[in-house]
Protein chains: 2
Amino acid sequence: MMELTRKGEYAIRGIIYLAQQPPGRVSLISEIAAAAEVPQTFLAKIFQSFAKLGLVTSSRGTGGGFVLARPASTITLREVVEAVEGPILPNRCLLGSACDRGGPCRVHAVWKQVQTEVVSILDAVTIDTLARSPDCKS
Amino acid sequence: MMELTRKGEYAIRGIIYLAQQPPGRVSLISEIAAAAEVPQTFLAKIFQSFAKLGLVTSSRGTGGGFVLARPASTITLREVVEAVEGPILPNRCLLGSACDRGGPCRVHAVWKQVQTEVVSILDAVTIDTLARSPDCKS
DNA sequence: ATAAAAGGGATCAAATTGGTCCTAAAGGTG
DNA sequence: CACCTTTAGGACCAATTTGATCCCTTTTAT
């Protein structure tokens, strides 16, 4: 339950790669895809979402590619995940103000708490932190 | 992201209904389904899972049906959700001890933290609590 | 025996996931 | 301008998961 999809996984790998490049360095989607070992066309879609949300800046044509739009230390894991997976939402009932049945509404507060906790954990992690952390060996 | 499925929602509604019955009272799946407003055949599958895991006791034939196998105060929301949705697992990489790539591994600790937090929240809520809480009006 | 119930397998449609492909648009370069 | 490079965006598609339904079997009380 609550599993991150490939899309989310790819998104994280891709943006971490960008964050590891020298500041201002433009990366091609083909380069990022190869480095992150992600299907290129799929990653292209993911980076389109990033660009729309202003996480990265894209430029076309020769010399074009992607750069982080903001310092990696100001981009949180939550932003990246939500960019491609949508909002952290443990239950649909968190959308409307009221639940339409008596039943699930009892659990409303619990889901709200889960949502708040997860958001807070993911917001506390920046892409910069992830990019600088060492590879896992164990 | 991280959404509970219908199955999980139905599971919660169904077992809350059981918990609201007088202790020892046997409920038919048809009765539970009607009360919880859940498709009966679907709910039957859900309660099969409950029975296998020992959350409820089932008996067949005339007078048969379902009863909670343990006091509602000892059944946690986590157990119910995991019974039908599988373990709380924000990322596949939490299964193996090591991640097979360098990339996602950096995030490993974060997902572990999410898992721990969510499990702890859901474990703190019992079906008894949910069954006794008032309907939501707002 | 028979009726009443859950158990369990097979099946199925719809939605979501995980992609691919193609054309268009934008930006450099000779 | 013509041409190449690179992202943008839409259409499309296969595999998987979700959300069920159906049917037959097994168990149990009467």
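Predicted model, so just to flag it, every value in this text is computed and none were measured. Below, chains carry the letters A, B, ... as their sequence lines are ordered, and counting in each starts from 1. Excluded from the calculations below are hydrogen atoms, water molecules and symmetry mates; all remaining heavy atoms, backbone and side chain alike, are included.
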Within the 4.0 Å heavy-atom criterion, would you say A/Ser30 contacts the bases, only the backbone, or no part of the nucleic acid? nothing

If each of A/Gly61 and B/Gln40 is mapped to the nucleotide of DNA chain C with the nearest heavy atom, which maps nearer the 5' terminus, i.e. the 5' end? B/Gln40

B/Leu43 CG to C/dA5 P, in whole Å, measures 16 Å

How many whole angstroms separate atom CD1 of B/Ile32 from atom P of C/dA5? 12 Å

Report yes if some heavy atom in the side chain of A/His108 is under 4.5 Å from a heavy atom in the side chain of A/Gln113; otherwise report no. no

So, A/Glu117 side chain and B/Val118 main chain: donor-acceptor pair closer than 3.5 Å or not? no

When the distance from CD of A/Glu9 to P of C/dT17 is rounded to whole Å, what number comes out? 15 Å

From C-beta outward on A/Gln48, which listed nucleotide comes closest to its side chain: D/dC4, D/dA8, D/dA20? D/dA8

Checking A/Arg13 side chain against A/Glu37 main chain: does a donor-acceptor pair fall under 3.5 Å? yes

Of B/Lys52 and A/Gly8, the one whose nearest nucleotide on DNA chain C sits closer to the 5' end is B/Lys52

Looking at B/Arg6 and D/dT18, is any side-chain donor or acceptor paired with a base atom of the opposite kind under 3.5 Å? no

Looking at every strand, decide which applies to B/Phe47 at a 4.0 Å heavy-atom threshold: base, sugar-phosphate, or nothing. nothing

Could you tell me how far apart B/Leu4 (CG) and D/dT17 (P) are, to the nearest whole angstrom? 18 Å

Below 4.0 Å: OP1/OP2 of D/dA8 and any side-chain N or O of A/Ser58: yes

Considering every strand and a 4.0 Å limit on heavy-atom distances, what is the contact class for A/Tyr10: base, sugar-phosphate, or nothing? sugar-phosphate

Take atom CD1 of A/Ile29 and atom P of D/dG9, then tell me their distance rounded to the nearest Å. 13 Å

For the side chain of A/Thr62, starting at C-beta, report the closest nucleotide among C/dG27, C/dG7, D/dA8. C/dG27

Donor/acceptor link under 3.5 angstrom from A/Lys45 side chain onto base of D/dG10: yes

Can you find a donor-acceptor N/O pair under 3.5 angstrom joining the side chain of B/Arg60 to the base of D/dT28? no

Using a strict cut-off of less than 4.0 Å between a Lys/Arg side-chain nitrogen and an Asp/Glu carboxylate oxygen, indicate whether A/Arg78 and A/Glu85 qualify as a salt bridge. no

Mind checking if A/Thr5 touches a base, just sugar-phosphate, or nothing, with heavy atoms under 4.0 Å? sugar-phosphate

Residue pair A/Leu55 / A/Ile75: nearest heavy atoms and the distance that separates them: O-CD1, 3.8 Å

Nearest-angstrom distance from the residue atom NZ of A/Lys7 to C1' of D/dT16: 16 Å

In whole angstrom, give the distance that lies between atom CE of A/Met1 and atom C1' of D/dT17. 15 Å

How long is the line joining CD1 of B/Ile46 and C1' of D/dG19, in whole Å? 10 Å

